Each structure stands twice: as structure tokens, then as C-alpha cells.
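Numbers for residues simply follow the sequence, beginning at 1. Owing to the predicted nature of the structure, the values given are computational and were not obtained by experimental measurement. For ligands, and for the atoms within them, numbers begin at 1 and follow the listed sequence.
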Amino acid sequence: MRVLLFGGTSEASRLAAALAARGVDAIFSYAGRTDAPIPQPLPTRVGGFGGVEGLIAYLRAAGITHMVDATHPFAAGMSRNAVAAAADTGVPLLALERQPWTAQPGDLWRPVEDVAQAVADLPETPHRVFLAIGRQNIGAFAARPQHFYLLRMVEAPRSPPPLPDHHIIATRGPFSLEDDLALMRAHGISWVVSKNAGGPQAGAKIEAARQLGLPVTLIARPPIPPRPRAETVEEALAWLMGDHGPRLGV
Ligand code: 3Y8
Ligand code: NAP
């Protein structure tokens, strides 16, 4: 057995630790979006594969027998490529993916389908917007310069965002409710924009918005073709160690 684990989430890191503890032959894969990603207890490769064809070539050259796609629910490009490569090579694929958040009493959610709709959803009157969607999609909000934007991302962007009134926080999650409440109060936030990432790691801002009675423009996950799916590390381990490979001391 040789597992290729597509990472970039807390679940991926937990699965990597479990595989390393069991001595499973596995390779961890980062896209290389950040300069100093969290080190993993597995041999790690960084960077794209070169599309589906590049991934297929990698699977064959590295003798990969199983893929676990533990990328973020918004990493749709990687997930779609993994589905295509699995279909082409027959290498079994499992997605390790958390459930989306579901609205609770008190949530003031404004569901939108994508970033463009999130921009259009913002009000005309100036607001103080917590834009906690990282740095890849900030540019789209230049169409709404009337707002103050509190921008949170892992690393500061290489050039200033095209937003006249903004403040950048460069930090790596996960985030706590206490910290997000304090942050949103300190900046007088009146509107939140978030991806529906699911899980507790990025959920603090959603709970904080609920407590503060703030509207949340919530971006739905991009569609990904169907593939076998697990929600917990334990399920993923069972899939790997069960009918898909040798039974190790789990
Ligand atoms: C490069 C690896 C772990 C993984 C930690 C999780 C939790 C903290 C919360 C907010 C939301 C956001 C963002 C976020 C979270 C975890 C997880 C998660 C959201 C790292 C990481 C990589 C990335 C890429 C990065 C994106 C950005 C998104 C920031 C490492 C820290 C906003 C997603 O060019 C860029 O700057 C790209 C940045 C993709 C989304 C975007 O569009 O900007 N994640 N995040 C991975 C790689 O190269 O393969 O650097 O250590 C991983 C984590 N980020 O091991 O514990 O499990 O989700 N990541 C979102 O949810 O909206 C922050 O601020 O409230
Ligand atoms: P994406 O748009 O789905 O993928 C774009 C391309 O990046 C892929 O086609 C692939 O390039 C490369 N890639 C993506 N993830 C990879 C991985 N784990 N290993 C190797 N190559 C990878 O990707 P993204 O949304 O930018 O996410 C990039 C990374 O950040 C992923 O690890 C993801 O888990 C993590 N992340 C993303 C978000 C988010 O909001 N998007 C949030 C948290 C963490 P090739 O086609 O050349 O193979």
C-alpha cells in the first residue's frame, strides 16, 4: 500500500499523524500556496502535478495504490482532478471532508453561490465588512470600494489589495470564538463574508456573527463530482485498512 494524501486542512493533518503512527507508506501533498506550510510527519511533496495528466503520471511513477483527498471543500480543482485520475487509473479514491455548516436559530445568513454573488450581495450603504475568505478572491470586492474591509489571510498579499479602506490580518487558523468576537468588536464589524467551509476550525466567525446579530454572506461550496466520502479520520483509516489493504494494528 502507498497512499497519496492531498492535504491543506486540519483533517488532513490528523490523518497524516494517524498514518505516520501506524507506519503506513504515505506521501503528503501541498499545493504550495503558502510559503511555510505546517510540517507533516510524512514525506511531503509541494506544488501542482500539472493537471490530470500530470497527476496520472505521478500516480504511476510513484506506485500510488490509494488516494485520500483531504483538501478543503473549496479546493474544487484538485478534487475534480483526483476524480478524473482515479477513473483513468483505477486507483481507489476517498474524500475526507467535513459537513457544511447548517443555519442555527439566530443566524442571519444570506446564501450565495460564488464570490461574484457575494460581491453583489453587499449593501450599497457603507459597512465594515469582515472578509475572511483568504487572499485569492479579494480582488473581486474592488467593485464595492465604499466598505471598510477587515481582511484575514495566511500571508500578506504580494501587492496591496485594490481596496481603498482595508486592514490586513496575516495569521493561520484555526480560530477561537473568543478571539473572533474580540476581533470583530474591535473593528466594529457590521457584516461578515465567509465560505461555507464547515468544521470548527473556521466556524468561530459564524458563531460570533450569530452572537453579535450580524448578517453573513455565506458562499456555497463549489460542485465536485461524486466520489466515496468519509467525514472522520477513523472512517478514512477503516477505508484504507479495511477491504482496501492489509489490516494493521489500528
Ligand atoms: C496551503 C497549510 C492544518 C490545516 C489548517 C481547515 C483549517 C486553518 C481556516 C478565516 C478562514 C481560508 C484559508 C483557512 C483555514 C485551516 C487549515 C484553514 C481559511 C492553510 C495551508 C494552506 C492554506 C491555503 C489557504 C488559502 C485560503 C484558505 C486561509 C499551511 C493554512 C480563508 C479558507 O494563496 C493563498 O493565500 C491561498 C490561501 C487557499 C483561501 C483563499 O482563497 O485564499 N487556505 N491554508 C495549502 C497548500 O499549499 O496545499 O500553510 O500550513 C491550511 C488551513 N487553512 O494543518 O491544521 O482545516 O480548514 N484557510 C476558508 O475556510 O475560507 C481561513 O480566516 O476565518
Ligand atoms: P484548487 O483551486 O482546487 O486547485 C488548483 C490547482 O492547485 C490544482 O489543480 C493543483 O494543480 C493544485 N493543488 C491544489 N491542491 C493541491 C494539493 N493538496 N497538492 C498538490 N497540488 C494541489 O486549490 P486551492 O483551492 O487553491 O487550494 C490549494 C490548497 O489550499 C489545498 O491544499 C487546499 O486543501 C488548501 N486550502 C484551500 C482552501 C480554499 O479556500 N480554497 C481553504 C483551506 C485550505 P495541478 O492541476 O497542477 O495538479
Contact table ligand 1 N or O to protein N or O, d under 3.5 Å:
| from | atom 1 | to | atom 2 | distance (Å) |
| --- | --- | --- | --- | --- |
| ligand 1 | 34 (O) | Arg135 | NE | 3.2 |
| ligand 1 | 36 (O) | Arg135 | NE | 2.5 |
| ligand 1 | 36 (O) | Arg135 | NH2 | 3.4 |
| ligand 1 | 42 (O) | Gln136 | NE2 | 2.8 |
| ligand 1 | 42 (O) | Lys195 | NZ | 3.2 |
| ligand 1 | 43 (O) | Arg135 | N | 2.8 |
| ligand 1 | 43 (O) | Gln136 | N | 3.2 |
| ligand 1 | 48 (O) | Ala31 | N | 3.3 |
| ligand 1 | 48 (O) | Gly32 | N | 2.9 |
| ligand 1 | 48 (O) | Arg33 | N | 2.8 |
| ligand 1 | 49 (O) | Ala31 | N | 2.6 |
| ligand 1 | 50 (O) | Thr34 | OG1 | 2.6 |
| ligand 1 | 50 (O) | Arg172 | NE | 3.4 |
| ligand 1 | 50 (O) | Arg172 | NH2 | 2.7 |
| ligand 1 | 51 (O) | Ile38 | N | 2.8 |
| ligand 1 | 51 (O) | Arg172 | NE | 3.0 |
| ligand 1 | 55 (O) | Ser13 | OG | 2.4 |
| ligand 1 | 56 (O) | Ser10 | OG | 3.4 |
| ligand 1 | 57 (O) | Ser10 | N | 2.7 |
| ligand 1 | 57 (O) | Ser10 | OG | 3.1 |
| ligand 1 | 57 (O) | Arg98 | NH1 | 3.0 |
| ligand 1 | 57 (O) | Gln201 | NE2 | 3.4 |
| ligand 1 | 58 (O) | Arg98 | NH1 | 3.3 |
| ligand 1 | 58 (O) | Arg98 | NH2 | 2.9 |
| ligand 1 | 61 (O) | His72 | NE2 | 3.0 |
| ligand 1 | 64 (O) | Arg152 | NE | 2.8 |
| ligand 1 | 65 (O) | Arg152 | NH2 | 2.8 |
| ligand 1 | 65 (O) | Lys205 | NZ | 2.8 |

Minimum side-chain heavy-atom gap [X]-[Y] below 4.5 Å:
X      : Y      : answer
Phe49  : Leu59  : no
Tyr58  : Leu4   : yes
Phe6   : Leu55  : yes
Arg221 : Glu97  : yes
Leu183 : Leu150 : yes

Check your understanding: Can you tell me if Glu207 and Gln104 form a side-chain donor-acceptor pair at under 3.5 Å?
Key ->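 Their side chains do not contain a donor-acceptor pair, so the 3.5 Å distance test is not met.
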Check your understanding: Would you say the side-chain atoms of Ser190 and Arg128 include a donor-acceptor pair closer than 3.5 Å?
Key -> no
Review point. Are the side chain of His72 and the backbone N or O of Phe74 linked by a donor-acceptor pair below 3.5 Å?
Key: yes
For [atom], which protein heavy atom lies nearest, and how many Å away is it?
atom                    : result
atom 44 (C) of ligand 2 : Gly8 O, 3.0 Å
atom 21 (N) of ligand 2 : Gly47 O, 3.4 Å
atom 10 (C) of ligand 2 : Met78 SD, 3.9 Å
atom 5 (C) of ligand 2  : Arg33 NH2, 3.6 Å
atom 17 (C) of ligand 2 : Ala31 N, 3.5 Å
atom 47 (O) of ligand 2 : Gly50 N, 2.8 Å
atom 25 (O) of ligand 2 : Ala75 CA, 3.3 Å
atom 18 (N) of ligand 2 : Ser29 O, 3.0 Å

Under 4.0 Å to a heavy atom of [X] - the qualifying atoms of ligand 2, by number:
X      : answer
Gly77  : 1 (P), 3 (O)
Gln136 : 26 (O)
Asn81  : 9 (O), 46 (O)
Gly7   : 18 (N), 31 (C), 32 (O), 33 (C), 34 (O)
Arg45  : 20 (C)

Review point. Is the shortest N/O to N/O distance between Lys195 and ligand 2 below 3.5 Å?
Key: yes
Check your understanding: Is Phe49 in polar range of ligand 2, meaning some N or O pair under 3.5 Å apart?
Key ->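 Yes, since at least one N or O of Phe49 sits under 3.5 Å from an N or O of ligand 2.
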Exercise for review: Closest by any non-hydrogen atom to atom 36 (N) of ligand 2: pick that one out of His72, Glu11, Glu53.
Suggested key: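 Among His72, Glu11, Glu53, the closest heavy atom to atom 36 (N) of ligand 2 comes from His72.
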Point to revise | Options Ala202, Gly48, Gly51, ranked by nearest heavy atom to atom 46 (O) of ligand 2, top entry | key: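 Considering heavy atoms of Ala202, Gly48, Gly51, the nearest to atom 46 (O) of ligand 2 sits in Gly51.
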For residues [X] and [Y], report the shortest heavy-atom separation together with the two atoms involved.
X      : Y      : value
Asp121 : Val112 : CB-CG1, 4.0 Å
Pro41  : Ala20  : O-CB, 3.4 Å
Ala85  : Thr89  : O-OG1, 2.7 Å

**Study point:** Close approach, Ser79 and ligand 2, non-hydrogen under 4.0 angstrom
**Key:**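 Checking ligand 2 against Ser79, which is what was asked, there is no heavy-atom contact under 4.0 Å.
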**Study point:** Non-hydrogen atom of Arg80 closer than 4.0 Å to ligand 2
**Key:**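 Under 4.0 Å: no for Arg80.
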Exercise for review: Answer with side chain, backbone, both or neither: which part of Leu55 has a heavy atom less than 4.0 angstrom from an atom of ligand 2?
Suggested key: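 The answer is neither; Leu55 stays 4.0 Å or more away.
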Review point. Which bit of Ala76 is near ligand 2, meaning a heavy atom under 4.0 Å away: side chain, backbone, both or neither?
Key: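 Only the backbone of Ala76 comes within reach of ligand 2.
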Point to revise | Residue that, paired with Gln117, satisfies side chain to side chain contact (heavy atoms under 4.5 Å, CB included) out of Asp114, Val115, Val119 | key: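 Testing Gln117 for a side chain to side chain contact (heavy atoms under 4.5 Å, CB included) against Asp114, Val115, Val119 leaves exactly one candidate, Asp114.
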Review point. For the side chain to side chain contact (heavy atoms under 4.5 Å, CB included) test, which of Val129, Leu151, Leu122 pairs with Phe141?
Key: Leu122
Review point. Is Lys205 salt-bridged to Asp180, cutoff N-O under 4.0 Å?
Key: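 Salt bridge absent between Lys205 and Asp180.
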**Study point:** Lys/Arg N to Asp/Glu carboxylate O, Arg135 vs Glu155, below 4.0 Å
**Key:** yes
Practice item. Determine, step by step, whether Trp101 and Val216 satisfy the side chain to side chain contact (heavy atoms under 4.5 Å, CB included) criterion, reporting the C-alpha distance in whole Å, the side-chain angles of both residues, the deciding distance to 0.1 Å, and the verdict. Key: CA-CA 12 Å; Trp101 296 311; Val216 178; over 6 Å; no
